[in-house]
There are 2 protein chains.
Amino acid sequence: MKPKKRITIYDIAEKLNITASSVSRALNNSNHVNEATKNLVLKTAAELNYKRNLLASNLRMGKTKTIGVVVPRINQNFFSNVIAGIEDATYQKGYNLIICQSNESHSKEVKCVNTLMNQHVDCIVISVSVESDDHTHLEHVIEQGIQLIQFDRVAEELETLKVINDNETASMEAVVHLIQQGYKRIALLEGPQNLNIFKQRKTGYLNALKKFNIPVNDELIIENAWTKELGAAATRKLLSLPDPPDAIFASTSDFSALGVLDVAHDMDIKVPSQLGILGYSNEAFTEITTPSITTVDQFSVHMGKTIANLYFEEMENKEVAVTPKVISIKPQLIIRSSTLKNK
Amino acid sequence: MKPKKRITIYDIAEKLNITASSVSRALNNSNHVNEATKNLVLKTAAELNYKRNLLASNLRMGKTKTIGVVVPRINQNFFSNVIAGIEDATYQKGYNLIICQSNESHSKEVKCVNTLMNQHVDCIVISVSVESDDHTHLEHVIEQGIQLIQFDRVAEELETLKVINDNETASMEAVVHLIQQGYKRIALLEGPQNLNIFKQRKTGYLNALKKFNIPVNDELIIENAWTKELGAAATRKLLSLPDPPDAIFASTSDFSALGVLDVAHDMDIKVPSQLGILGYSNEAFTEITTPSITTVDQFSVHMGKTIANLYFEEMENKEVAVTPKVISIKPQLIIRSSTLKNK
DNA sequence: TTTGAAAACGCAATCGATTGCCATGATTTA
DNA sequence: TAAATCATGGCAATCGATTGCGTTTTCAAA
């Protein structure tokens, strides 16, 4: 089957014995066309099944109504939810989404950003990869006048729009909750400290300890324990200390919390009575483990919608001086069985 | 900060005192340019930080190296994994992905497909929504000569490329496993029968029963139980029968299996000894419930890669007569505690 | 030195849609 | 009746990259 030739405004123009200019004006609902011809054009366009060639239109207009999104991994719960939220909000405004994943690699992230710039997206939404310390690729985006919105994992020194979680407060509240439940030696599984989110969560942890005058014990703080396996390994190490912790805050993710839980099961340690476990992200599974895991919900879909709406607001007020705006969403502590020592 | 003017081939041409034609040829590594000027162009382009305007290029070339993907929900585990697989394979070939979600709505699905056609994507990859009975929008895609690839949930009557799971065999093997474990009265939670996948899974169930000469009992087959809540409701209904089932195959999803498990817990029914539970999809959580849930793995990331590679193969051999090709991936039964009655 | 082929590169059209400017004719106002 | 205003809609340039065709240059063979 040979593809039908695509209908252009010239085809419509020819058929109606007018010029493409008028067709274009009619299709764009300009008021410089006669109502009658406008209707005629619309009718003919529908009959011929005309579809506007967005490539041509975008080239001419210099904008694409497209937003590029770069995330470390598309199929990570948090990110796919954010994307779903963005899609939902942008779709309503007739915008499209181009999605890339950096796979946590800096070089791929740079390539993704370049591709998006070549595609002339109107806006780039990014959560940087764990490897990213150099942000010149993001500066290029700004130089080109493309709106840049960072979320969750952000390069803080760049003055861009940002949508973040208040990790510090959330983390502090989580640890305070543990303290109030009577846990005395609270360990922290921390993530790569070049990422703001992990640094903030650590700060929250430290603040909570300080608030209650609990001395910080470095042997209870384990670096880079951000997968299930690393969480498990860290737990084995912690529990074999002469003076082991009685609670572990897996500030990196629920996956590492799951690793903690696994090891606790293996070693026949009772959760929450002997060991409290607290995760981060409110992954679906935290609700159904035994015991269910206390965690922090980040409102990821809502975050996506916030990002999209932030873009649209900036668009509309772009004559106003654009101050680097930061929207901080306060996560919510979800208290479940794994930390309820007092009950 | 005012955006820098974008550099075009004309800027490069002017600077080097040649024409844009030569610049273009140089950038495209054509053999109709002098090696020296080619290098000069490349060097200048790098200096000026030239980026090809893909809008212009695509308009001229008539193709976009872009693939559009339409799924019911981006943030559903199976789909986000498929997307991740597609992204991985297409990225290597320099292709981009535009992602849309239909939210299981037919009208939104149609709009998504139209947008993608307007964007002149080279290929549309789709898993249809549950509402989709009318497929004229997909016929339009074919008419326009855009490659169409259906996956998982497909409109079978359309002769397109398809990548599917062998649901029937997988489902049959699942039920055979239940029978071999000694379960006698096996209930089926089925999904909307207008979707091929659910129909096939039902057929697999029926075939397994027939093979072992087990009579089909309609009161053990519950329609439309494809969420956790519906699965729970169905279970309550089944377990209150005078002669309740001793196993439930939640053929729709692991979520409905989870609903089954919840109700079993509530009613103090022992799994797997009093009730066997079998899900579908191998969601992450099935491994960590108590007991862990036997389920079917669909190799979703691999499925995504298969889809992408199928497209590239078709591209390369497009002179060969294009036969509607169907790739069927055999899912794998993952046996876990929830069905191990014999152990 | 002349001829001829190949190499290198310029010209101009093209991909479709958009839009500022101008021309035409109709309508209105003085 | 003449002048001014307005509604329509055509013309042609534009957005940047690509490419068929044609011209110029180069270099070797005759």
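Every chain is numbered from 1, with letters handed out A, B, ... down the list of sequences. Values below: every heavy atom of this structure, side chains too, minus hydrogens, waters and symmetry copies.
Counting non-hydrogen atoms under 4.0 angstrom, A:Leu55 reaches nothing in the nucleic acid. Nucleic acid contact for A:Ser57: sugar-phosphate only, since backbone atoms but no base atoms lie under 4.0 Å from a heavy atom of the residue.
Paired with B:Val23 under the rule side chain to side chain contact (heavy atoms under 4.5 Å, CB included), one option of B:Thr44, B:Val41, B:Asp11 passes, and it is B:Val41.
The interatomic distance linking B:Lys63 (NZ) with D:dT19 (P) rounds to 12 Å, in whole Å. Computed from coordinates, the B:Asn17 CG to C:dA8 C1' distance equals 15 Å when rounded to whole Å. Summarising the geometry, the separation between CE on B:Met61 and C1' on D:dT19 is reported as 10 Å, rounded to the nearest angstrom. To the nearest angstrom, C1' of C:dA17 lies 12 Å from CD1 of A:Ile12. Nucleotide C:dC9 holds its C1' atom 14 Å from the CD1 atom of B:Ile9, rounded to whole Å. Atom C1' of nucleotide C:dA17 and atom CG of A:Asn58 are separated by 10 Å, given to the nearest angstrom. Per the geometry, CG belonging to B:Asn53 stands 17 Å off P belonging to D:dT14, to the nearest Å. Atom-to-atom, NE2 of A:His120 to C1' of D:dA17 comes out at 11 Å; the value is rounded to the nearest Å.
Residue pairs meeting the ring-ring contact (aromatic ring centres under 6.0 Å, His included) criterion with at least one partner in residues 47-94 of chain A, sequence neighbours excluded, do not occur; the list is empty.
A salt bridge does not link A:Glu143 with B:Arg6: none of the charged nitrogens is closer than 4.0 Å to a carboxylate oxygen.
A heavy-atom distance below 4.0 Å to DNA chain D is reached by these residues of residues 24-52 of chain A, ordered by number: A:Arg25, A:His32, A:Val33, A:Asn34, A:Thr37.
For the OP1/OP2 pair of D:dG16 and a distance below 4.0 Å, the side-chain nitrogens and oxygens of B:Thr8 include no atom meeting the criterion.
Applying the side-chain hydrogen bond (donor to acceptor under 3.5 Å, both in side chains) rule to A:Arg52 yields the partners A:Asn28; only residues at least two apart in sequence or on another chain are considered. Scored by the ring-ring contact (aromatic ring centres under 6.0 Å, His included) test, A:His137 finds A:His106 as partners (sequence neighbours excluded). Shown here are the side-chain hydrogen bond (donor to acceptor under 3.5 Å, both in side chains) partners of B:Asn96, two or more places apart in sequence or in another chain: A:Gln119.
Side chain of A:Asn165 to main chain of A:Ile329: a donor-acceptor pair is present (N/O by atom type, distance under 3.5 Å, no hydrogens or angles). Judged purely by atom type and a 3.5 angstrom limit, A:Arg25 has no side-chain atom pairing as donor or acceptor with the backbone of A:Val33.
With D:dG10, D:dG16, D:dT19 as the candidates, the nucleotide lying closest to the side chain of A:Ser21 is D:dG10.
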Contacts under 3.5 Å, N or O only, protein and nucleotides 22-28 of chain C:
none

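With DNA chain C read from its 5' end, the first of the two nearest nucleotides for A:Tyr10 and B:Ser22 is the one closest to B:Ser22.
In this structure, OG1 in A:Thr160 is found 5.0 Å from NZ in A:Lys162, a value given to the nearest 0.5 Å.
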